[in-house]
> 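Just passing along the structure, written as structure tokens.
Order of the sequence lines fixes the chain letters, A, B, ..., with proteins taken first and strands second; residue numbering starts at 1 for each chain. Below, each value reflects all heavy atoms present in this structure, side chains not excepted, and no hydrogens, waters or symmetry copies. In this text the structure is predicted, and so the values were computed from the model without any measurement.
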Amino acid sequence: MSAPRDTWKKPPFIANPALRWAVILGAVAYFVWVGTTMPVDWNRVVEGFGRAGRIFGGAFPPSFERSGLLIDGFLESLKIAILATAGGVLLSIPIAFMAARNVAPKPIFYLGRAIIIVARSFHPVIVAILFVKAVGFGPFAGVLTLIVYSVGFVAKMLAERIEEIDFGQVEALRAAGAPYFSTLSYAIFPQIMPRQIGLTIYQLDSNLRASAVVGIVGAGGIGATLANAFGRYDYDFALAITMVIVGVILVSEAVSGVIRKRIQ
Amino acid sequence: MTTLAEKFGRDDWTRFTLRQRMTRYGVIFGCALGIAWALTSIEVIWAWVWGAPEQIGDLFGRMYPPDPSNLETILKVLWDTVNIATFATTFAVLLSLPVAYIAAQNTTPNRATLWLGRLILVTSRSVNTIIWALLFVAIFGPGVVAGILAIMFRSIGFVGKLLGEAIEEIDKRPVEALEATGASRFKVIAYAIVPQVMPTFWAVSILRWDINLRESTVLGLVGAGGIGIILQGAIDTFNWPEVATILIAIIVLVIIGEVISAFLRRRIL
């Protein structure tokens, strides 16, 4: 007979004790094994702290001397973001229709999904490198990269929204004998429009951020300026650029938040 | 011919009032203006634009068929990439716990710590992983350490923000009940706060791991370890068939990561 319980114990996260211990031991073994076999040069790490001091010493105070270069870089990033958002969203609409289970025939549906998966799998920086090799350095490679990036996100979200629409309206219009494009513009678009606009604004914001990184591999915009500053050990200018990037991102986040709130 | 409106003596149906229509035209015109500005002032060599489809087609032509002869190295480096993502996520999650605690309005000790917490979160989130990586490569030299630190520094903001929001949304009553029994601060956290944020904690950690897997594939391009290094090497030596193999390997890795994280999330939520 067991003694009456007078203490309470928190129930464990995984009920089965064997599985619980297997997970814990597995995790510990993984961390010990990888932690000890990872190629880490500890001498370099130790040296790094001194170097960190020098870098931060060189970075303060941030230098805004070449603010002309900074502004040009930013305007270029903004242009890249605008063009990529426009192109990406336009391209996303047909792809989203292809990738929506309820409006597309099966083979087209799979094709649409495959396009989205491929567009989403690659980090924009990888896509940027490929486009820089294919079409040369500069903002055009950046625009193409961010179009791919936008399609991956906008088409995916939009396809999900299309799958959720109320089909009654489509049937009503079809029953009234409406042609295909009238059905699209009166039964489907009004239902997906709010999401579409919200996504577009979000994507503009997101593209502005991403345009700062694709520039590091040569695809134009402020990232190119930043990478150059880093390469020439101009840490004070690099800090100034980073600060402006952070500021712009905060502002654009706030603006897009306000617009999205007003739309919904 | 008489229109329907004339025949039945009422106006045709319109979707929008005049005012709505004017606003819509205004917004559309504004957008068009923005695009036109970007299009006309961007410094693009238009000859390259027209040649782009051909160039891109050529690039893919060179990639086919993918060359798997170096697959062993690729898989090994891919495994390093997974490890970078996993280690960085683990450290970041652990470090973000105290930050989330002081960045949540209902648990932070005082106003100063609240703002300190928020400052850490905003700084961490606003600087992209690649920029963090540039910095850490400059400090610690190329390699895994820079990669792990870069991903960590970026993830703290993301995890800490979502966790802080979860802490702010908890049900206050368990906290009050424990405080009423005279429980210590530590016990209040362990028994009233932690159980409530646990599901969010796991969901956010898994989501971030999935994101970090993608991010760690590009770290190597700035020298911070992982598959990016050999990708850069293959691109620099114009070894396109190998580039194709690496890209396929990355897609497979990302899809596997997504499947694992979707499975774990379903189990937890």
> Which pair of heavy atoms, one from A:Tyr30 and one from B:Val82, lies closest together, and at what distance?
OH-O, 4.3 Å
> Using non-hydrogen atoms only, which part of A:Phe140 is less than 4.5 Å away from chain B: side chain, backbone, both, or neither?
both
> Sequence neighbours excluded and cut-off under 3.5 Å, please list the side-chain donor-acceptor pairs for residues 234-248 of chain A, or say none.
residue  : atom : partner  : partner atom : Å
A:Asp234 : OD2  : A:Arg66  : NH2          : 3.0
A:Thr242 : OG1  : A:Ala238 : O            : 2.7

> Using modelled atom types only, decide if a donor and an acceptor are shared between the side chain of A:Arg209 and the backbone of B:Ser126 within a distance under 3.5 Å.
no
> Measure B:Ala190 against the heavy atoms of chain A and call it side chain, backbone, both or neither at under 4.5 Å.
backbone
> Given a strict heavy-atom distance threshold of 4.5 Å, which part of B:Ser41 is in contact with chain A: side chain, backbone, both, or neither?
both
> Quick check for you: to the nearest 0.5 Å, what is the distance between A:Ile249 atom CD1 and B:Asn128 atom CG?
7.5 Å
> Around atom CZ of A:Phe31, are there more than 12 heavy atoms from other residues, nucleotides or ligands closer than 6.0 Å?
yes
> Given that the side chain runs from C-beta out, which part of A:Phe131 has a heavy atom under 4.5 Å from chain B: side chain, backbone, both or neither?
side chain
> Please round to the nearest 0.5 Å and tell me the distance separating atom NE2 of A:His123 and atom OG1 of B:Thr129.
6.0 Å
> Distance check, rounded to the nearest 0.5 Å: A:Ile126 atom CD1 versus B:Ile246 atom CD1?
9.5 Å
> Take the angle between the ring planes of A:Phe49 and B:Phe140 and call it parallel below 30°, perpendicular above 60°, tilted in between.
perpendicular
> If contact means a heavy atom pair closer than 4.5 Å, which residues of residues 213-220 of chain A contact chain B?
A:Val213, A:Ile216
> To the nearest 0.5 angstrom, please state how far the NZ atom of A:Lys79 sits from the OG1 atom of B:Thr40.
8.0 Å
> Side chain from CB out, backbone as N, CA, C, O: work out which of these in B:Glu258 comes under 4.5 Å of a heavy atom of chain A, or both, or neither.
side chain
> Taking all heavy atoms of A:Leu130 and all of B:Leu59, pick out the closest pair and write down the distance.
O-CD2, 3.7 Å
> In terms of heavy-atom pairs under 4.5 Å with chain A, which of B:Thr123, B:Leu135, B:Ile84, B:Val243 leads?
B:Leu135
> Quick check: closest heavy atoms across A:Val135 and B:Ala52, and the distance to 0.1 Å?
CG1-CB, 3.6 Å
> So which heavy atom on B:Ala138 is nearest to which on A:Phe230, and how close?
CB-CE2, 4.2 Å
> Please rank B:Leu253, B:Ile255, B:Ile148, B:Thr90 by heavy-atom pairs under 4.5 Å with chain A and give me the top one.
B:Thr90
> Between B:Arg214 and A:Arg120, is the side chain to side chain contact (heavy atoms under 4.5 Å, CB included) condition met? List the steps.
CA-CA 10 Å; B:Arg214 275 162 221 252; A:Arg120 268 169 55 78; 3.7 Å; yes
> With chain B, which of A:Val125, A:Ile129, A:Leu83 has the greatest number of heavy-atom pairs at distances under 4.5 Å?
A:Leu83
> Compare all side-chain heavy atoms of B:Trp37 with those of A:Leu78 and state whether any distance is below 4.5 angstrom.
yes
> Rounded to the nearest 0.5 Å, what separation is found between the CG atom of A:Leu144 and the CD1 atom of B:Ile56?
5.5 Å
> Return the CD1 to CZ distance between B:Ile250 and A:Phe122, rounded to the nearest 0.5 Å.
6.0 Å
> Below 4.5 Å from any heavy atom of chain A, which atoms of B:Tyr191 appear? Answer side chain, backbone, both or neither.
side chain
> With a 4.5 angstrom heavy-atom cut-off, could you sort out which part of A:Ile80 is near chain B: side chain, backbone, both or neither?
both
